[in-house]
Q: 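One structure follows; several queries about it will come next.
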Amino acid sequence: MTRAKQMGTINHSLKNVCFPAGTLLPGGVPIEDAATMVRQYDGEMVELKTRAGDIKATANHNLFVRKRRHKVGLTPIRLLDPEWVPIGDVRVGDFVCSPKFEPWQQGHETKIDLSDMLDNVGGPWYGYHNKRSAFSVDLTPEAAWFIGLYTAEGSATSGFAKVSLGFKESEIALGQRAVSAINSMGYETSIFRRENGHDVNILKGRLFSEWLRKNVGTNAHNKKIPGIILYHSDSAIRKAFIEGLLDGDGHNYTRDGNYRQILGVVSKGLIRDLVLLLAQDGLGGFYSKMTKGPRKIGNSYTNKTLNLEKFDFATNGKATTQRFLNGKWVESTSASWKTDEYGVWYHVKAIDRSQFSGPVYNIQNTPKHRYVAQSLLVRNCSDEEINDDLEGEGFELPDDPPTP
């Protein structure tokens, strides 16, 4: 039982929370599933529309912000130093942060531990009768590439995983590389040919297949970036994963001489994770949505509406163009995002305010009172503020709690 459920609903007059249901944490986790505090709120909700996507919260919840020194429209853009700002005080033209992880948050794994999957594929007897089964997989760039491809094109049931590809020449080549990658991890494969394509199946790899199911997802709607990739300290692992993801669901194009990629997926959590993953290498882009109506898929036709989450970015960094300024040509970079030692900063392009009535959620007791929501760095209120509020509401606190 979460602390939120233990405490019950708190009066909306308490300050400094929070997010509505559906706000996504890393790994595609809805905040209502991880919250340590929930309360009923009736009041104004502020929504920022940024190049990294949207975020909505009560007006006094803090975001990490670099305010614009001058009004919107003046160039070059000059930003003030980062500070914590209530979302209600953020202005159009300010920049919010998709953070780089700090060293203590990063992982350095060289293997994927599969031992936790034993209970999911038959219990201890499976390990006993399969002594030659690998209880770990080397996390190499090629393995990371395959995990990226599975994230884009894979599906799984308990103990069985596959990637599904078409019959185009490029997709046949992808299937061949997938076979090679799976073999390099110590597993066998089989190819199943369908009317419109082919499946690459993982054989004798029930533990790894179960790991993919649990940590990446089972279908297009619930895919996410596994934590071992998202938090990994090695950029080669992160970039190999992104390469596999783009090989499966990406589209390449050139604009103003710059080579760019678009990822289009149905999983909201996957796009949110991608924004955060790219920030680790100082890469930004811009988020959009697209709706597809009736269309042909292979040899069949569907009337089903498809809502796509899209992110457009360049893996070689920020796009540059030539501009004539003050009597000379200068190299200009995109104003929609900037990068520094904190992460990638995204331009706030619009702000909506609306009335809200319902439960809102927050996470307390996080390191430095910070966490990531909707790919952006946010800060919860301190224990002192929380305890002061709870005490005022008549909740019984432990002995000698911190208060302001």
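Every heavy atom of this structure was used, including side-chain atoms; hydrogens, water molecules and symmetry mates were not. Starting from 1, each residue takes its place in the sequence as its number.
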Q: With rounding to the nearest 0.5 Å, note down the distance linking CG in N201 to CZ in F160.
A: 3.5 Å
Q: Give a yes or no on whether the backbone of I225 and the side-chain of D273 come within a donor-acceptor separation of less than 3.5 Å.
A: yes
Q: I'd like to check E309 versus L270 (side-chain heavy atoms, cut-off strictly below 4.5 Å). Are they in contact?
A: no
Q: Begin with the C-alpha distance, continue with both residues' side-chain angles, and end with the deciding distance and a verdict on side-chain hydrogen bond (donor to acceptor under 3.5 Å, both in side chains) for S136 and D113.
A: CA-CA 5 Å; S136 67; D113 183 7; over 6 Å; no
Q: Side chains of I242 and L278, heavy atoms from C-beta outward: is any pair under 4.5 Å?
A: yes
Q: Checking side-chain contact (heavy atoms from CB on, under 4.5 Å) between Y342 and each of S98, P82, P99, which is the one that passes?
A: P82
Q: Indicate, with yes or no, if the rings of F64 and W84 have centres closer together than 6.0 Å.
A: yes
Q: What is the distance from atom CZ of F286 to atom OH of Y346, rounded to the nearest 0.5 Å?
A: 11.0 Å
Q: M117 versus F208: any side-chain heavy-atom pair under 4.5 Å?
A: no
Q: Test your reading of the model: is there a side-chain donor-acceptor pair from R379 to the backbone of V85, 3.5 Å cut-off?
A: no
Q: Using the side-chain hydrogen bond (donor to acceptor under 3.5 Å, both in side chains) rule, take D33 and Y361 through it: C-alpha gap first, then chi angles, then the decisive distance, then the call.
A: CA-CA 9 Å; D33 290 349; Y361 304 86; over 6 Å; no
Q: Determine yes or no for a side-chain-to-main-chain donor-acceptor pair under 3.5 angstrom, with E171 supplying the side chain and G166 the backbone.
A: yes
Q: Would you check if the side chain of K223 reaches a backbone N or O of G154 as a donor-acceptor pair within less than 3.5 Å?
A: yes
Q: Could you tell me if the side chain of R177 sits less than 4.5 Å from the side chain of L149, heavy atoms only?
A: no
Q: Do the side chain of S233 and the main chain of G107 share a donor and acceptor less than 3.5 angstrom apart?
A: yes
Q: Is a side-chain N or O of R91 found less than 3.5 angstrom from the main chain of R68, in a donor-acceptor match?
A: yes
Q: Taking the inter-plane angle between the rings of H198 and F167 on a 0 to 90° scale, is it parallel (under 30°), tilted (30 to 60°) or perpendicular (over 60°)?
A: parallel
Q: In Å and rounded to the nearest 0.5 Å, what is the CD to CZ distance from E47 to F356?
A: 12.0 Å
Q: Between atom CD1 of I271 and atom CG of L24, what is the distance when rounded to the nearest 0.5 Å?
A: 11.5 Å
Q: Determine yes or no for a side-chain-to-main-chain donor-acceptor pair under 3.5 angstrom, with S184 supplying the side chain and A181 the backbone.
A: yes
Q: Nearest heavy-atom pair of P141 and A236: which atoms, and what distance?
A: CB-O, 4.5 Å
Q: For a quick test of reading the model, state the closest non-hydrogen atom pair linking V266 to L306 and the distance between them.
A: CG1-CD1, 3.3 Å
Q: Does this structure show an ion pair linking D116 with K214, if we count only N-O contacts that are shorter than 4.0 Å?
A: no
Q: Could you tell me if the side chain of I147 sits less than 4.5 Å from the side chain of W211, heavy atoms only?
A: yes
Q: Please answer whether the main-chain N or O of R272 pairs with a side-chain N or O of S375 as donor and acceptor at a distance below 3.5 Å.
A: yes
Q: Indicate the atoms forming the closest heavy-atom contact of Q280 with L230, along with that distance.
A: CG-O, 4.4 Å
Q: Can you see which heavy atom on T23 is nearest to which on F19, and at what distance?
A: OG1-CB, 3.5 Å
Q: Output yes when D94 and K67 qualify as a salt bridge under the 4.0 Å nitrogen-oxygen rule, no when they do not.
A: no
Q: For the residue pair V275 and Y287, establish whether any side-chain heavy-atom pair is separated by less than 4.5 Å.
A: no
Q: Does this structure show an ion pair linking D138 with K111, if we count only N-O contacts that are shorter than 4.0 Å?
A: yes
Q: Counting N and O atoms only, with roles assigned by atom type, does the side chain of Q374 sit under 3.5 Å from a partner on the main chain of G53, one being a donor and the other an acceptor?
A: no
Q: Could you measure the distance from the CG atom of N307 to the CE atom of M290? Nearest 0.5 Å is fine.
A: 10.0 Å
Q: Short question: side chain of E210, backbone of G159 - any donor-acceptor pair under 3.5 Å?
A: yes
Q: One pair to check against side-chain hydrogen bond (donor to acceptor under 3.5 Å, both in side chains): N219 and S155. What are the steps and the verdict?
A: CA-CA 5 Å; N219 58 60; S155 59; over 6 Å; no
Q: Just so I know, are the side chains of F146 and I202 near enough to count as touching, which here means a heavy-atom distance under 4.5 Å?
A: yes
Q: To the nearest 0.5 Å, what is the distance between CG (L276) and NZ (K100)?
A: 12.5 Å
Q: Using a 4.5 Å cut-off on heavy atoms from C-beta on, say whether the side chain of H232 contacts that of E109.
A: yes
Q: For K368 and W104, work out which heavy atoms get closest and say how close.
A: NZ-NE1, 4.4 Å
Q: For the CD atom on E341, are there more than 12 heavy atoms of other groups (residues, nucleotides or ligands in this structure) within a distance under 6.0 Å?
A: yes
